[in-house]
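See below for the structure under consideration.
Chain letters run A, B, ... following the sequence lines, proteins first, then strands; residues in each count from 1.
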Amino acid sequence: MVTLVLFIAFAIIALVGALGVVISRNPVHSALWLVATLLSMAGFFILEGAYLVSAVQVIVYASAIVVLFLFVIMLLGVDREESLTDPLKVQRPVALMLGLVVFALLIGLMGNHWATGAQSATAALESGDGGNVERVAREIFTTYLWPFELTSALLVVAVVGGVALARRSRRAEAASEVAQ
Amino acid sequence: MNPLGVASIVTPGVDWLGVAPVALLALAAIGIVLQRSILRRASVAYPSALIVAAVGIILSAVALIAQWHRVQTDGSYTTLSKMVAVDGFSIFIGGVVLVATACSVLLASRYLDRERLDGPEYLALMLLSASGMLAMASANDLIAVFVALEIVSIPLYVLVAYDRRRSTSLEAGMKYFLLGAFASAVFLYGVALTYGATGSTGLVGIANYLSEVTLLERGTLLAGLVLMLVGLGFKVAAAPFHMWTPDVYQGAPTPVTAFMASATKAAAFAALIRILYTALGGSSSDWRPLLWVLAVLSLLVGSIGAVIQTDVKRMLAYSSINHAGFILIGVQAGTIKGVSSALTYLAIYAFLAVGSFAIVGVVAGRGDADSDLERFKGLSSRRTGLSWAFTLLLLAQAGVPLTAGFIAKFGVFSAAAGAGGTSYVLALIGMLTAAIAAFVYLRIAATMFTPAGEGDQVLASSKVDLGTGIVIWFSCALTIVIGVAPGFLLGLAERATLLFLR
């Protein structure tokens, strides 16, 4: 009963938030509505017993990605309301149609048993030793140790690449001054 | 149980030799970044970065050779809970990647100096990308393939846009980034669906599951296969996922183009072959028709697209799509011979591409923007040696006998003939497009030997420095040596394929 009430509450927040994202004219408001949707998604995950996914949802989506959105909005200018005149008039009907197709597909998939996995989750996630947080941790440090370690190289790439692209090079500036 | 009441974790055993090539390159890259923060002056920072890079590449090559000897005696093995496969295949591709990386680093010095760009970051990014390629060649798990793919791609996005003052470079970087990120996402979606269908991300695990169980509904597996093919098809520049290739190859700094055409292609094909042959080897009747279509489209788009171009870099970009088609002929054969012919082709194309782009970089001169065919007019009278070298490399790309290109093309054709059936048709289409592509190569060569007219602008090309000279000599020498005596390379490729872990 409690879960049902919680589910309905989260569902209402998620839907209202999603509508708010689309309807708000101010991009900052859109981003904030998105937070509401993403946080209620985290709530769904808790109801399903997927604690780690829910934490990841809050940390990555509700914080990191939304902050990124806000940064971009700030850099592009907050005051400007988004212009609603489309440069390509065809876009809207096509987008609406594609959206409906995706929606229909989702409804269709919900009713069908289409995945033929090797292991389907038959036991509750909490059973066995440790919850799913601990089990994911175990997998990361045993089976998936190599991809996990490789990720560190990815972080180095991100830092070096960001610096290389964003830094103003003294050498290049000197060269362009000479050219002028 | 430890005092916290948590069961202790048994971490997997690490065979350090197995991961040494990847780790050494990444360490060299980190070393470059570190020494960059200590040595502030550009005149000191770049040479020392170059030394660190050279040491990293050489040590990594030594580790690869040690692996090769170990695999010869003890056989192939996996390490890190079956995530890393150390076999002849991974070592061969690793060798191709390292040679291509070394050549690209040699090309970079002169370029960076000419364009007044910062050197150490460039080298660090290139080494990181190369370490990702080595990881990709040995990745035995879809998750590892994906992470390695990202380590390969993200430095490349930055390197393509490295010359920020030139808008074509930035534009190419942006295009490659957007499309590449999309392709990675599609690949990951394919991985997820494959996992959903088989319950395993390990390539061997997938193969075992598929051999034991008959799937009632194969939709999920097939969708996963198609999406993974799309993602990797993008990286190897196979049609119809080639749209980015001409723009990016043209806009990117020429040494980066050389790196992308040679090393990236080899690494992406390595992942493609390993996924198809190891994980989905039992369902080759599913993926062979798909590869057949990809090969035909790449062959046709590459050769016909090259004919209508007027920019040499774009021509070579289309020819790279054409070559991807030829390699796919070998891969789609679905036989041992197909794999070894694809490996041979990748190795030969790597140095042909590096050499060709090195020469284009020299001729294009400062700014790297003008590689129009007009610019090559009368090159033979100004730069006799350079134009002969380019002619040799172009003839090899066309597949003229007694050059390495002939050995490569002959290998994939005979593999296709060995597989029979529709592969025959594919081989015929391949020969047809080889003739079309030969027209393009001969057109470039003919332009070089046409004297420049009065009205033509003859711009001074930059000098051939030591590094570029070594690369051009090296690729020309290999073109002839392998063309005349291919036994050594063919033997290596065959041995590598026999030691392919499946």
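Summarising the local packing, OH of B:Y77 is surrounded by more than 12 heavy atoms from other residues, nucleotides or ligands at distances under 6.0 Å. When the shell of 6.0 Å around OH of B:Y189 is examined, it contains 12 or fewer heavy atoms from other residues, nucleotides or ligands. Annotation: A:F10, atom CZ; neighbour count of heavy atoms from other residues, nucleotides and ligands within 6.0 Å is above 12.
Contact tally against chain A (heavy-atom pairs below 4.5 Å) for B:V84, B:V14, B:V33: the top residue is B:V84. Highest contact tally toward chain B, considering only A:V160, A:V159, A:L165, A:L145, is held by A:L165 [criterion: heavy-atom pairs under 4.5 Å]. Between chain A and the residues B:A139, B:A144, B:A124, the largest count of heavy-atom pairs under 4.5 Å involves B:A144. For the set B:G173, B:P155, B:G219, the entry with the most heavy-atom pairs within less than 4.5 Å of chain A is B:P155. The candidate from B:I151, B:V22, B:L80 with the greatest count of non-hydrogen atom pairs under 4.5 Å with chain A is B:I151.
Here the straight-line distance linking atom OG1 of B:T79 with atom CH2 of A:W146 works out to 9.0 Å at 0.5 Å rounding.
Both the backbone and the side chain of B:I154 come within contact range of chain A, judged by heavy atoms closer than 4.5 Å. The part of B:V10 that comes within reach of chain A is its backbone (N, CA, C, O), which places non-hydrogen atoms under 4.5 angstrom from that chain.
B:A223 meets the side chain to side chain contact (heavy atoms under 4.5 Å, CB included) test with B:L193; sequence neighbours excluded. Partners of A:V35 by side chain to side chain contact (heavy atoms under 4.5 Å, CB included), not counting sequence neighbours, listed by chain and number: A:L39, A:V66.
Interface with chain B: from residues 147-158 of chain A, residues A:P147, A:L150, A:T151, A:A153, A:L154, A:V156, A:V157 qualify, criterion being any non-hydrogen pair under 4.5 Å. At a heavy-atom cut-off of under 4.5 Å, chain A is reached by B:I30 from residues 24-31 of chain B, listed in order of number.
Shortest non-hydrogen contact noted between B:T201 and A:Y144 is OG1-OH, 2.6 Å. Scanning all heavy atoms of the two residues, the minimum distance from B:P12 to A:T142 falls at CG-O, 3.2 Å. Taking all atoms of both residues into account, the shortest heavy-atom contact from B:R164 to A:A164 is NE-O, 3.9 Å.
Contact annotation: the side chain of B:M83 approaches that of A:T143 to within less than 4.5 Å [non-hydrogen atoms, C-beta and beyond].
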